[in-house]
Amino acid sequence: MVAVALWAASLLLAASCARAGASSGGPGCRKHVAKVTEYGAVGDGRTLNTAAFARAVADLSRRARDGGAALVVPPGKWLTGPFNLTSCFTLYLDEGAEILASQDMNHWPLIAPLPSYGRGRDEPGPRYINFIGGSNLTDVIITGKNGTINGQGQVWWDKFHAKELKSTRGHLLELLYSDNIIISNVTFINAPYWNLHPTYCTNVTISGVTILAPLNSPNTDGIDPDSSSHVKIEDCYIVSGDDCVAVKSGWDEYGIRFNMPSQHIVIRRLTCISPTSAMIALGSEMSGGIRDVRAEDNVAINTESAVRVKSGAGRGGFVRDIFVRGLSLHTMKWVFWMTGNYGQHPDNTSNPNAMPEVTGINYSDVFAENVTMAGRMEGIPNDPYTGICISNVTAGLAPNAQELQWNCTNVKGVTSDVSPKPCPELGAEGKPCAFPVEELVIGPPELPKCSY
């Protein structure tokens with residue numbers, strides 16, 4: 001009953017935003033607009049503006065039922081501690097605007113772990129708050145003229161490497177239990193941990209976003225949809241110390257119990273650089289299930305692998321109905337990589353007999369060059385990965401390419417027109433692999449064009 005009431009309230013609030021947007025320039029355009037300077041913020045890169053951002057969001061939240069509000073961040077360097085967003089709200093970063101995360105860890109209080117994880121991802125117990133957050137929101141837009149949100153993560157990376165952190169780092173942006181989210185035309189850099197983490201969300205559009213982190217920065221995933229549905233990621237450029245995109249749905253018994261899959265996800269026209277990780281990872285936290293992921297027309301450069309499945313005994317859950325086509329890969333360690341021995345469990349209560357189901361994984365129309373190894377396909381003993389289809393693939397080998405181009409264990413599938421010749425487990429000649437014909441409908445048909 002509580003969930004139904006929250007859903008109904010969300011619909012009413014979204015309707016009020018939409019009605020006002022229609023009369024003020026299009027979906028998402030706000031009736032009320034204010035600059036963060038009106039709340040006392042100073043953009044000199046030294047003045048701490050946490051209170052100013054909090055005052056601004058609190059004041060503008062009162063406009064939610066009157067056409068919504070936009071908070072404009074003008075050119076300058078705006079230092080602040082973590083802050084939350086509100087519903088029917090646009091955070092607009094003008095050209096030359098840079099929001100700087102405070103490097104003082106005293107400004108980052110501890111918060112409860114996610115229920116689908118049971119603890120912090122790196123350390124037991126609570127976790128540090130996320131830099132920009134929000135929960136139970138509807139109609140939230142983060143956009144602008146390619147302004148920057150800078151997590152200033154070096155201090156966190158140093159403490160992580162030195163093993164000085166007692167709690168898990170916060171993400172650069174995490175929204176929970178929220179609907180109708182748009183993130184576009186913004187640059188995110190130097191996240192302490194994961195960059196964009198929509199969790200338990202629906203109707204999320206992330207478009208035209210740039211995400212940058214040093215290649216040796218720890219766990220700076222680009223975009224991680226987690227137990228979220230109807231997510232569209234398109235036209236993004238990501239340079240990362242970890243996976244450029246990682247689809248997740250909870251960790252071991254906590255994710256199994258929470259039981260909220262990530263599903264109906266589109267990833268297209270992504271460009272990724274990540275020499276030690278994947279362009280797109282499915283897992284390893286996938287215990288609530290992952291299904292209906294469609295990746296199309298994506299490019300990886302100097303990246304460890306393309307679309308990787310990560311799981312293991314104890315995870316439970318499923319990864320199924322995955323459709324990949326139109327990959328252009330340049331300098332890769334592996335084109336295809338599936339892992340069935342992924343470790344890292346939240347605690348000693350994980351059930352080693354909770355086996356994942358991995359089936360219906362389709363790859364087609366893949367061009368790769370300068371490849372070290374075509375495929376490393378490793379399922380789980382007595383729990384093989386099945387229903388794998390690979391078609392129309394050409395992988396040009398690097399000068400240092402391994403003699404054995406395919407290493408396959410505990411996998412079953414078919415291939416068609418694949419070079420180098422696949423392993424016997426995938427050797428049966430099949431038909432071209434499937435890709436859904438019907439387009440997923442996610443969010444508004446066009447991103448709002450508003451002038452603030």
Side-chain angles (χ1 to χ4, degrees), residues 9-10 13-14 16-17 20-21 24 28-112 128-145 147-152 170-178 180-183 186 188 191-192 196 448 450-452:
S10 174
L13 192 56
S16 68
C17 295
S24 59
C29 298
R30 310 303 185 186
K31 181 177 178 181
H32 303 275
V33 180
K35 290 184 179 181
V36 71
T37 49
E38 297 174 37
Y39 299 90
V42 179
D44 60 5
R46 299 185 303 274
T47 302
L48 188 66
N49 295 297
T50 310
F53 274 93
R55 282 194 298 269
V57 174
D59 180 51
L60 296 175
S61 68
R62 298 183 298 167
R63 318 296 185 198
R65 295 186 182 276
D66 183 30
L71 179 63
V72 176
V73 182
K77 294 184 179 294
W78 308 89
L79 179 67
T80 177
F83 63 95
N84 286 330
L85 306 180
T86 189
S87 291
C88 301
F89 179 81
T90 296
L91 179 64
Y92 186 93
L93 283 78
D94 208 345
E95 184 177 5
E98 184 174 14
I99 300 176
L100 300 172
S102 170
Q103 295 179 296
D104 185 342
M105 293 175 59
N106 293 318
H107 297 154
W108 298 66
L110 295 178
I111 60 174
Y128 284 101
I129 196 170
N130 306 292
F131 180 54
I132 299 177
S135 183
N136 293 290
L137 306 181
T138 187
D139 189 1
V140 175
I141 300 174
I142 302 171
T143 189
K145 295 182 178 178
T148 299
I149 297 175
N150 185 346
Q152 300 204 106
H171 306 305
L172 194 53
L173 169 69
E174 179 181 86
L175 298 179
L176 305 175
Y177 304 104
S178 296
N180 287 324
I181 309 300
I182 296 175
I183 305 171
V186 176
F188 296 85
L196 308 185
C450 310
S451 178
Y452 294 120

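Atoms considered below: every heavy atom in the structure, side chains included; atoms not considered: hydrogens, waters and symmetry mates. All values reported here derive from a predicted model rather than from experimental measurement.
- With contacts defined as side-chain heavy-atom distances shorter than 4.5 Å, the pair I141/F89 does not qualify.
- At least one donor-acceptor pair closer than 3.5 Å links the side chain of N49 to the backbone N or O of L79.
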Show me, pair by pair, the donor-acceptor contacts under 3.5 angstrom made by side chains of residues 38-46, not counting sequence neighbours?
residue : atom : partner : partner atom : Å
E38     : OE2  : K35     : N            : 3.0
Y39     : OH   : D59     : OD2          : 2.6
D44     : OD1  : R46     : N            : 2.9
D44     : OD1  : T47     : N            : 2.8
D44     : OD1  : T47     : OG1          : 3.2
D44     : OD2  : T47     : OG1          : 2.9

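- With contacts defined as side-chain heavy-atom distances shorter than 4.5 Å, the pair Y92/K145 qualifies.
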ask   = Between I142 and L85, does a side-chain contact (heavy atoms from CB on, under 4.5 Å) hold up when you go through it step by step?
value = CA-CA 10 Å; I142 302 171; L85 306 180; 3.8 Å; yes
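- Residues G151 and A101 approach most closely at O-CB, 3.6 Å, considering heavy atoms.
- Put simply, the side chain of T143 does not reach to within 4.5 Å of the side chain of I182, judged on heavy atoms.
- Residue P74 comes nearest to A97 through the heavy atom pair O-CB, 3.2 Å, listed as atom of the first residue, atom of the second, then distance.
- The main-chain N or O of T138 is found under 3.5 Å from a side-chain atom of S87 such that the two form a donor-acceptor pair.
- Counting heavy atoms from C-beta on, the side chains of L93 and I149 come closer than 4.5 Å.
- In this structure the side chain of V140 never reaches within 4.5 angstrom of the side chain of C88, judged on heavy atoms.
- Under the rule for a side chain to side chain donor-acceptor pair (under 3.5 Å), T148 has no partner lying at least two apart in sequence or in another chain.
- Side chains of I99 and F131 form a contact here, defined as non-hydrogen atoms less than 4.5 Å apart.
- When atom types are taken as modelled, the side chain of N130 and the backbone of L173 share no donor-acceptor pair closer than 3.5 angstrom.
- The two residues Y128 and W108 make their nearest non-hydrogen contact at CD2-O, 3.1 Å.
- The two residues G170 and P192 come nearest to each other via the heavy atoms O-CB, 3.6 Å.
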inquiry  = The test is side-chain contact (heavy atoms from CB on, under 4.5 Å); show your working for N136 and L176 and say whether it passes.
reply    = CA-CA 6 Å; N136 293 290; L176 305 175; over 6 Å; no
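- Salt bridge annotation for D66-R30: absent, with no cationic side-chain nitrogen under 4.0 angstrom from a carboxylate oxygen.
- At distances below 3.5 Å, not a single donor-acceptor pair connects side-chain atoms of E98 with backbone N or O atoms of K77.
- We find the OG1-CG distance between T86 and L60 to be 8.5 Å, quoted to the nearest 0.5 Å.
- Residues V57 and N84 fail the side-chain proximity criterion, which asks for heavy atoms closer than 4.5 Å.
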inquiry  = For a side-chain contact (heavy atoms from CB on, under 4.5 Å) check, start with the C-alpha distance between F188 and I183, then their side-chain angles and the critical distance, and finish with the verdict.
reply    = CA-CA 11 Å; F188 296 85; I183 305 171; 3.9 Å; yes
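- When the options I129, I132, T50, I111 are evaluated for a side-chain contact (heavy atoms from CB on, under 4.5 Å) with P82, the one that passes is I129.
- Taking all atoms of both residues into account, the shortest heavy-atom contact from R63 to H32 is CB-CD2, 3.6 Å.
- Of the possible donor and acceptor atoms, one in the side chain of S61 sits under 3.5 Å from a partner among the backbone N and O of A58.
- N150 contributes atom CG, which lies 8.0 Å from atom CG of L172 (distance to the nearest 0.5 angstrom).
- Among pairs with a residue in residues 43-82, those fulfilling ring pair (Phe, Tyr, Trp, His ring centres under 6.0 Å) read F53-F83, at least two apart in sequence or across chains.
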